[in-house]
Amino acid sequence: MTNPSVDRRSLLKGVAAASAALALPRAFDPAAAAAPASKGIFGYGVASGDPTGDAVIIWTRATPPPRGKDDAIATPGSGLGAPIPVRWQVARDAGFAKVVAHGTVITSPDTDHTVKVDVGGLDAYTRYFYRFSSLGEFSEVGRTQTAGDVAGETHALRLALVSCSNYTGGYFTAYRALAQRDDLDFVLHVGDYIYEYGNGADRYGPASLAGVRDSKPETETIDLEGYRLRHALHKADADLQAAHRQHPWITIFDDHEVANNAWAAGAGNHSGSEGDYLERREQAMQAYLEWMPFRLPDQSQSTPHQGTRFFRRFTFGDLGDLSIVETRQNRSLQVTVPNVPFDGFVPVGLSPAIDGAIAHPGRHLPEPEQLTWIKDGLEESRRWHLLGNQVMVSPVLYPGAALGAPGYTFVNADQWDGYTADRTNLLTHAAAQPSADSGDVVVLTGDIHASFVCDLPVAAAPGSPSYTSAGVEFVCPSVTSDGFVEVLAGTPQLAGQPPEVVVGATRQAIGAAQQLNPWLRYIDGVSHGYTVIDVTPERVQADYHHTPVPTSAQPDPRVVSSITPTYARSFQTVAGSRRATPATGPVGPRSDRPAGD
């Protein structure tokens with residue numbers, strides 16, 4: 001694609017006029033801000049992300065208006081539309097009477113007309129409001145806040161944990177619920193923000209939503225135009241727009257932002273007919289960085305890494321830190337076995353070749369330099385070390401009977417279970433840290449489309465309750481992607497059975513898995529939703545919010561736009577225990593609020 005020619009003199013004249021008109025704060029125009037996603041300059045909403053103690057990213061997409069009645073609309077990925085000036089403002093109040101930062105940028109087809117500004121010089125633990133304007137139109141007002149990273153002070157820390165938001169899999173009612181909360185510091189999305197599948201034989205989600213929630217483009221995303229369109233499809237969703245508008249987000253990609261079961265040089269869902277994989281990944285990452293409020297860390301070798309550095313760390317004073325792990329760009333090829341009924345699963349304990357490959361010290365999930373960075377972070381003197389992580393760390397042995405293969409035991413080799421040398425390295429190091437000095441590890445994970453609460457055993461035999469725990473892992477359910485109950489509903493033994501029967505079989509399989517894995521304190525593979533993580537010096541608590549259980553009256557709550565997740569269960573890990581225990585109920589009011597709230 002080539003960019004259309006631009007009259008530079010007209011552009012500079014337009015920039016000057018826009019800058020002069022916006023030099024002083026202006027009254028907010030609610031009519032302009034309410035423009036739907038299908039029209040208006042700012043129809044794709046606003047977002048903020050990667051908050052630190054003094055900075056935050058603000059984002060929008062500014063669609064240039066057609067210059068004539070016959071001009072095509074500059075849709076995402078099209079390469080159409082002239083560069084246009086965009087004014088941005090950050091204020092302490094929603095009326096923009098107290099503007100603290102402002103500026104003008106030019107956006108163009110080179111960045112798909114997306115706008116991303118790293119606003120610095122802000123006060124820690126403070127709420128701000130932001131907006132954009134261009135050519136007489138205003139965006140909606142976004143709300144954001146900086147991190148409570150103040151030396152010598154301990155502030156409340158509360159976040160939402162989400163993952164696996166397949167557009168064709170259901171309505172984003174979990175995002176709607178998050179948009180209605182005002183007690184969150186940020187939303188942590190740990191991967192599969194988009195999915196690459198199309199609307200044909202590869203469609204993923206309930207058949208009843210075909211023609212209702214369809215992918216754009218209609219085919220699998222394999223190039224820059226396709227990935228840009230897929231991100232735009234998500235940003236056009238009203239519930240997702242509301243959640244982005246209400247809270248800053250911290251994100252990291254997993255595999256579906258490129259292709260299923262991605263690894264360093266390929267993916268399970270990439271074939272030679274789809275071109276060069278590394279070129280495809282580069283274009284997917286370009287679209288991701290354009291369309292997400294994501295700040296790339298310093299790419300110098302002061303922090304060693306391989307390829308592009310996406311892993312990064314956020315700090316919250318002495319209370320804790322959040323290390324965002326990236327496990328796709330440099331991972332070794334997954335161990336696979338032909339004719340296994342479930343994608344990514346392999347039998348263990350039967351073949352020395354398979355078991356040896358899984359445990360081989362030369363195979364890595366994150367690159368060795370990143371694993372060293374993670375371990376170094378665990379030695380810092382903070383009460384809690386949170387790890388934002390894509391795939392499960394805790395070992396999970398799945399009984400073959402539950403997967404339709406009795407007599408076998410399986411692991412998901414796309415998780416840390418497929419790279420046990422790296423896991424042992426990490427958990428042994430974590431367990432060796434003195435809890436009172438270095439703090440405890442809490443891993444925050446997605447990917448598996450089910451709610452888990454796990455201890456992190458350094459070494460444990462199947463079924464044995466005796467183990468040393470290095471920390472705790474909280475795994476959130478999917479926003480919409482198929483969970484255990486939907487997967488089992490498609491197996492030959494359960495196909496066509498009433499939802500109540502499938503739910504019962506799912507829970508029976510979960511019970512069998514817990515017998516094999518006593519460190520799994522809780523599993524729910526039936527519902528979708530989100531998890532709230534609340535951090536205090538005394539404990540980290542996880543509140544699980546779930547959609548209703550499928551019934552014959554409502555077989556799939558994901559397809560009903562009015563059903564939002566509600567509170568289900570709570571677990572916690574008490575400082576120094578490094579184990580998970582039930583909590584008595586959901587979290588209450590925050591211990592303090594950010595300035596300006």
Against Tyr544, only a single residue in Tyr522, Tyr567, Phe571 fulfils ring pair (Phe, Tyr, Trp, His ring centres under 6.0 Å); can you say which?
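Single pass found, and it is Tyr522.
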Under 4.0 Å between a side-chain nitrogen and a carboxylate oxygen: does that hold for [X] and [Y]?
X: Arg176; Y: Asp237; value: no
X: Arg331; Y: Asp414; value: yes
X: Arg578; Y: Asp455; value: no
X: Arg382; Y: Asp440; value: no
X: Glu486; Y: Arg558; value: yes
X: Asp534; Y: Arg158; value: yes

Stepwise, does the side chain to side chain donor-acceptor pair (under 3.5 Å) test hold for Thr144 with Ser48?
CA-CA 6 Å; Thr144 191; Ser48 67; 2.9 Å; yes
Under 3.5 Å donor-acceptor, [X] side chain and [Y] backbone:
X: Asp50; Y: Ile250; value: no
X: Asp543; Y: Pro586; value: no
X: Ser527; Y: Thr547; value: yes
X: Thr146; Y: Thr126; value: yes

Rounded to the nearest 0.5 Å, how far does [atom2] of [Y] lie from [atom1] of [X]?
X: Ile374; Y: Phe311; atom1: CD1; atom2: CZ; value: 8.0 Å
X: Glu140; Y: Tyr130; atom1: CD; atom2: OH; value: 10.0 Å
X: Gln370; Y: Phe310; atom1: CD; atom2: CZ; value: 11.0 Å
X: Tyr288; Y: Phe253; atom1: OH; atom2: CZ; value: 7.0 Å
X: Leu184; Y: Leu159; atom1: CG; atom2: CG; value: 7.5 Å
X: Ile41; Y: Arg61; atom1: CD1; atom2: CZ; value: 11.0 Å

Begin with the C-alpha distance, continue with both residues' side-chain angles, and end with the deciding distance and a verdict on salt bridge (Lys or Arg N to Asp or Glu O under 4.0 Å) for Asp123 and Arg92.
CA-CA 10 Å; Asp123 293 333; Arg92 288 185 178 272; 2.3 Å; yes
For Trp249, check ring pair (Phe, Tyr, Trp, His ring centres under 6.0 Å) against everything at least two apart and list the hits.
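By the ring pair (Phe, Tyr, Trp, His ring centres under 6.0 Å) rule, Trp249 matches Tyr175, His244.
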Just checking, any donor-acceptor pair under 3.5 angstrom between side chains of Thr114 and Asp112?
no
Check the orientation of Phe172 and Tyr167. Use parallel for under 30°, tilted for 30 to 60°, and perpendicular for over 60°.
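Perpendicular.
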Report yes if some heavy atom in the side chain of Pro565 is under 4.5 Å from a heavy atom in the side chain of His546; otherwise report no.
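No. Closest side-chain heavy atoms not under 4.5 Å.
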Before giving the answer on side chain to side chain donor-acceptor pair (under 3.5 Å), spell out for His385 and Asp321 the whole-Å C-alpha distance, their side-chain angles and the decisive distance to 0.1 Å.
CA-CA 5 Å; His385 298 296; Asp321 52 38; 3.1 Å; yes
Any chance the rings of Phe294 and Trp59 have centres within less than 6.0 Å?
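For Phe294 and Trp59, the ring centres are not under 6.0 Å apart.
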Pair His256 + Tyr195: ring centers closer than 6.0 Å:
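Yes, they do, as the ring centres are separated by less than 6.0 Å.
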Glu282, CD: over 12 other non-hydrogen atoms inside 6.0 angstrom:
no
So with a 6.0 Å cut-off around CG of Asp318, is the heavy-atom count from everything else above 12?
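No.
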Can you spot which of Glu473, Gln415, Gln390 makes a side-chain hydrogen bond (donor to acceptor under 3.5 Å, both in side chains) with Thr445?
Glu473
Using side-chain hydrogen bond (donor to acceptor under 3.5 Å, both in side chains) as the criterion, list what pairs up with Tyr204, not counting sequence neighbours.
none
Run the numbers on Gln89 and Arg131 for side chain to side chain donor-acceptor pair (under 3.5 Å), then give the verdict.
CA-CA 6 Å; Gln89 295 174 308; Arg131 66 182 180 185; 2.8 Å; yes
